[in-house]
Amino acid sequence: MFQKVADAEFIKGEHDVLKFWTERNIFARLQRQIAGRKPWSFIDGPMTANNPMGVHHAWGRSYKDVFQRYRAMSGYDLRYQNGFDCQGLWVEVEVEKQLGLGAKSQVEAYGIDKFAHECKKRVLKYAAIQTEQSIRLGYWMEWDDPAQLRKLAEAIGTDEVVSFTPPKRPDEVLRDKAEAIVARLGNPDWGGSYFTFSTENNETIWTFLKKCFERGKVYRGYDVMPWSGRGGSAYSQMEVADGRKLTVHRSAFVRFPIVKKVDDRTDQSDPSDSPQSPLTNEYLLIWTTTPWTLTSNVAAAVNPDLDYVKLKAKRDGAIYYFAKDNLDFQRLATEFKDGFGREEWSWPKSVPKLKTLSQIFKENGGFDIEGTLKGAEMVGWEYAGPFDDLAAQSAPGGVPFEARVADKTGVACHRVIDGGRDFKGSANVVAGEGTGIVHIAPGCGDVDHVLGATAGIVGIAPLGEDGCFLEGFGEFTGKSATDPATADLVFAKLKEKGLLLNVEQYPHIYPHCWRTGDELVFRLVDEWFINMDWREEIMGVTDAIRWLPESIQGGEREREWLTNMRDWMISKKRYWGLALPIWVDEDESVPWTDPAKFEVIGSLAELKQRALDGGAGWDEFEGHTPHKPWIDKVKIRSPKTGNLMTRVQDVGNPWLDAGIVPFSTLGFNTHPDLWQKWFPADLVTECFPGQFRNWFYSLLSMATMMGSDKSDPEEKKPFKTLLGHRLVMNEAGKPMHKSDGTAIWFEEAAEQIGVDTMRWMYLQQNPASDLRFGTRHPDQPVTLQTPNGPTDRTIDGVPTNLVTSTPADETRRMVLIPLWNSYAFFVNYARLDEFDPTAPLVPVASRPEIDRWILSNLQALTTGMRAALDDYNTPEACRLAAAFIDDLSNWYIRRNRRRFWRSKDASDTDKLAAYQTLYEVLVTVTKLLAPMMPFLSERMYQNLVRSPETGVRGQESEGKRQIDAAVLAFNPQPLTLNLPESVHLCDYPDADAALLDTDLNARMATAQVVVALGHKLRDMADQRVRQPLAELRVSSSDPAARDAIERLADVVREELNVKQLTVVESLADIVKYTYKANLKTLGPKYGKLLNVLREKLPTVDGKLLAPLRVGESVTITLDGHEITLAPDDVQVGTEQAPGWVSGDDRGIQLALSTSLTPSLLREGMARDFIRQIQQLRKDANLEIENRIRVSYSTTEPEVLTMFTEWCHLIQGETLADSLTSSNAPPEDAKPVNIGDCKVSVWIEKV
RNA sequence: GGGCGUAUAGCUCAGUUGGCUAGAGCGCAGCUCUGAUAAAGCUGAGGUCCGUGGUUCGAAUCCACGUACGCCCA
């Protein structure tokens, strides 16, 4: 027996289903059910286990779940492994905050071992939280028990022996120290989520790095990186982007005295100037926003193609050289007006508008232009640096010493160089903001560094790890680069030397440390790199992958990145992360050019062997994970020098951790058979912004290197298809921020919007565009009703707030509610009629056309859903499903309601057919929707399929909550029909070709067109639908359309409430036809004649064209041209005629009679009356099966006539035992309009 | 500065190989329907298809230039 269905209560229903899945262990049963089938391999991109989930995480996870559920229902085996990203600076930062450690040095004081333990604990804590949140999303993965993860977190760093039951071995209890267990989480024998801090993951990266080393790609190099003095760390570009702020710096125009004008290209002296004696009073004009870098100036760069002016200042007769365009250039003119691109970045009020250079010179006594020259002519000129008195400027080989320039000093390098071009061919030096002459400090800037290396000049790197000047910089030594006092000192010195032209306030967007808020500096650092000169190999692999959605051209984006990227910097001077397996011979007599200077170790086994075989420290390491500080104890001995080699202090880039996952988690080193089975992944799906140069990049390059022994990119590729999606925004399309309280936490959305609804929102969204999800109201706290009871705080203690979402409301209204109502309609009538789903089926062929139609549509839906999901096109799947639900609810059920209302009659096969049809449709739809809407489909399935079978009896009189719970609380009775216990254990439906009838679908579509047009005509004629009309005439030149309407005449008649429907050859007697040229078909045939045709065709005598309406061709003469028109070549329309309204749509012409007889009017009144009674029944909250007595009071004779004529129908329709006239209406009698007459009515329940 | 992309109704977006009456949903107004429906249906108002030029019988669509915005790179 079906359980009565009442209000949907979607969110509470989800809680019930979660409980049901857990209690009945449905997911584990699914795993058993699919084990051993052909694999469908999915690899999860690890999520940083560092914070609770927000709604933005749920988008990708919805895809992941949908495709996995779909494949499981479609006969595949799956791994269901979630991943957590566990290492790297993000975790360190949060742990630092947690421990109140402000700087790098404090971490060391705290103890790196304790710090590493805290990082592990934090990761486990948030892994547990994210696991719980994912479960709430209905995301089916082989989850670790969150309680066990928390227990492990607690025991990290202690010697306590912990018991642990892995997901794949529910009957075993392992006992070990927490660290030992944690190091092995997610291994193929245990199952559960993978953690990138696992020993297997780290060790597989060693495998990768060893391969790189063997191919000679690993090297140590210098680079200038954004650096945080307090953080003691270099920052990647991504991190820098996070911390950009509008900052006002003092920028300076500074002049460098020219010493010698030599043409570098010919190395010949310029004959116009004396080469021997130093020039006096001629200067290069440069400009900088970072005065401290002037201490380390080495060269000045120009653009050889640019025009430069020679300007003479009147005040002192000094000659200045700078780019001609800069003389009158309005610097930051747009920014002054419009700000710097963000609301909070408007021009600072305290900063005056910038002056042009000509203004500056005018204010200083005026100037004359003495000539212009090309930048090329200046290349090679020598000048005196602004701080040549500093010791560092005279250090041979630069600071730090570099052998390649051992014979040079900073001072000796001061000359004008060609600024060159970047890899795209754009000039590095351009006119505009500065002076067209760029001060180059190779130790202080990125471009400078590259340029310095190419130009063969020394570098001077002035700053230590703390961001302060090193020894050798005179008064500057010990001062912080970012301290304004340092800039003061620079300006004072320059003034002293007469080199300072002008200082101004200059606002710009400058990188800041996103942790401490301090300004970053550019600092020369030594780091480890992978030489990426094998990028072509990676591009080959890239091309072997399908990138979705196509519109974002992911493959090309990836290619572009691969083309432009620099060598991969894999090191970071921090504590918590992959231990780079690089051991270095620290003996300074071994030069870095010696290949034996360092070694990369490929595995722990290799390390152990090397350590025991002449090395040291293995004992101290053993029993720990290969992390700092423990791994650093291990030393190996250099086979060449016999020295002990020490591991580099650095940890690894976290993208190594994530990129190795297709190897580490699939057991490349440990379970080759598994790896063979599951590699490559069929699908990878992630939020794409940023990932082309992060995860996708690391996946592709690591897989390419791991597959070095193979030549075919197909064999190397780590995944076959990538599905990317964009970002979640608020409803206004703006980013949501944690800091201002607009970021929506996962549980806030889940418990206010509902997970089925959220999933649908994600799935129907075009993945190429941002999703406008909804809005969090930071000022409106709410209490959430979670599965674990009410709460007003998130897991991190943040108050939970109101979330509103128009798209969610729309989704619910358009999809979930109509589906639920269709289901409720069926169930509630099926209960009354005691419909038995196991009864013998009425053959489909003998069911009415509309039944065959919905079943045929169902097959089309099935085929379409499968195709869409196979193609990873969820928006298409959602569109199809929503369209079907609309057809089901607003056409099939609406059209067929009366078939369900008829009184019980065992021999009523038409009614049985209706039930069986609707039942079949609903059950199939629950399966089709199960992957996308797992909760609602489960509830429907349980009631539709499981309750008749198990015979659960609901308590109708009790609240709906108990009823739902009764459905979902499993019944221990044996399953008589052997139907799967959960919709998610079912097979995904296959279309039954025998039931698909595309002609029928087309016919019904035609009928729907006629009905829509008919409704429009009624509206035009001002005739309500309840008023029956005498006749509808339909005509079309298309025989298929005529046939469709004839066969579905009953549907159309009923829907439009007309007595008679006639399909006629012609409406000529009641309407006037109009004919218009169909440009699409006529254009190619007649070309320029088309305009004549277009204008004249409507004026041609209708009789000549009439045959077109019945599908015959016509030849006419227009402007002397003979023209043959096929039926397709004209569009036939209609115009009004008296007594009829007419219209046309898609080649079908309709005429609706509008003349009313008294008899028709009375029937309309009867329909009005029925409607009013039904409304009274509803207002009185009567059950649909309750019987009533109806009384009325009226003086209108026409109404009385109507009652005698129609009382039988009225009583039947309203379940009225009596229909009585009375002259004493009670007070609550309802005055209503019946046609044009007034009547009072009242009802009472029998 | 360079590359890529986008620009269509108040809002969010469709718009196929070019076809003239440019659509949908939401919102707004009116009407209708309702014995599952929190709905739904119909109608209406609302468009310089970013601008300019070109190709074509015909351009939202193709081409060129420009403008604005977004993303990536620098």
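In this text, all values refer to a predicted model and were calculated from it rather than measured experimentally. Here is the naming used below: chain letters follow the sequence lines, and residue numbers restart at 1 for every chain.
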- Task: Could you give the distance separating B:U34 and B:C50 at their P atoms, to the nearest angstrom?
- Result: 44 Å
- Message: Any base atoms under 4.0 Å from A:G1212, or only sugar-phosphate, or nothing? Heavy atoms, all strands.
- Response: base
Rounded to whole Å, the CG-P distance (A:L306 to B:G1) equals 14 Å
Closest of B:U32, B:A36, B:A38 to the A:R894 side chain is B:A36
A:Y892 atom OH is separated from B:A40 atom C1', nearest whole Å, by 19 Å
Ion pair A:D756/A:R939, N-O distance below 4.0 Å:
no
Quiz item: When you compare B:C20 with B:C33, how far apart are their C1' atoms, in angstrom units rounded to a whole number?
Solution: 36 Å
For a quick test of reading the model: is some side-chain N or O of A:R1026 closer than 4.0 Å to OP1 or OP2 of B:U34? yes
Q: Using atom types as modelled and distance alone, determine if a side-chain donor or acceptor of A:N694 lies under 3.5 Å from a backbone N or O of A:W655.
A: no
Nearest-Å distance once atom C1' is located in both B:A59 and B:A64:
15 Å
Rounded to the nearest 0.5 angstrom, the CD1-CZ distance for A:I1234 and A:F1169 is 6.0 Å
Distance, P atom - from B:U61 to B:U56, rounded to whole angstrom: 16 Å
With hydrogens left out and only the distance checked, is there a donor-acceptor pair under 3.5 Å joining A:S889's side chain and the base of B:A40? no
Note to self: Test your reading of the model: is there a side-chain donor-acceptor pair from A:R831 to the backbone of A:F2, 3.5 Å cut-off?
What the structure shows: yes
Between CG of A:D325 and P of B:G1 the distance, given in whole Å, is 12 Å
(Q) Please report the distance separating the C1' of B:A9 from the corresponding atom of B:U16, rounded so that it comes out in whole Å. (A) 22 Å
Intra- and inter-strand pairing of RNA chain B, written as dot-bracket with Watson-Crick and G-U pairs under 3.5 Å and | for the latter, reads (((((((..((((.....[...)))).(((((.......))))).....(((((..]....)))))))))))).
| request: Give A:L1182 one of three labels, base, sugar-phosphate or nothing, depending on what nucleic acid heavy atoms sit under 4.0 Å from its own. | output: nothing
Protein-proximity profile, nucleotides 19-25 of chain B, B/S/- by nucleotide at the 4.0 Å heavy-atom cutoff, equals BBB---S
So does A:L562 get a backbone contact from the side chain of A:R535, meaning a donor-acceptor N/O pair under 3.5 Å?
yes
Distance col, row A:R1018:CZ vs A:N1057:CG, nearest 0.5 angstrom, shows 5.5 Å
5'-most contact on RNA chain B (nearest-nucleotide basis), A:F825 vs A:R557, goes to A:F825
In whole Å, measure the gap between the C1' atoms of B:U21 and B:G15 for me.
15 Å
- Query: Is it true that a side-chain atom of A:Q752 and a backbone atom of A:T804 form a donor plus acceptor pair closer than 3.5 Å?
  - Reply: no
Distance below 4.0 Å between A:Y829 side-chain N/O and B:A36 OP1 or OP2:
yes
Side-chain contact check for A:R1024: nearest option of B:A39, B:U32, B:A38 is B:U32
Donor + acceptor pair across side chains of A:T806, A:E731 (<3.5 Å) | yes
Between A:T1214 and A:V1025, whichever has its closest RNA chain B nucleotide further toward 5' is A:V1025
Letter by letter from the 5' end, nucleotides 4-14 of chain B scores (B base, S sugar-phosphate only, - none; protein heavy atoms under 4.0 Å) -S------S-S
(request) Using the six-membered ring wherever Trp is involved, compare the ring planes of A:F900 and A:F825 and label them parallel, tilted or perpendicular (cut-offs 30° and 60°). (result) perpendicular
ask   = With the threshold set at 4.0 Å, does a side-chain nitrogen-carboxylate oxygen contact exist between A:D809 and A:R812?
value = yes
Next on the checklist: Less than 4.0 angstrom from a charged side-chain N to a carboxylate O is my criterion; do A:R879 and A:E876 meet it?
Outcome noted: yes
| request: Could you give the distance separating B:G41 and B:U6 at their C1' atoms, to the nearest angstrom? | output: 36 Å
**OP:** Establish, with yes or no, whether the OP1 or OP2 oxygen of B:C33 is under 4.0 angstrom from a side-chain nitrogen or oxygen of A:R1171.
**Re:** no
* Give a yes or no on whether the ring-centroid distance for A:W568 and A:Y697 is below 6.0 angstrom. => yes
Please state the C1' separation for the pair B:G1 and B:A60 - nearest whole angstrom.
-> 32 Å
Which of A:L819, A:I817, A:N821, A:L816 passes side-chain contact (heavy atoms from CB on, under 4.5 Å) with A:I885? Answer is A:L819
### Task
Under 4.0 Å between any heavy atoms, over every strand shown, what does A:I1170 touch: base, sugar-phosphate, or nothing? Just pick one.
nothing
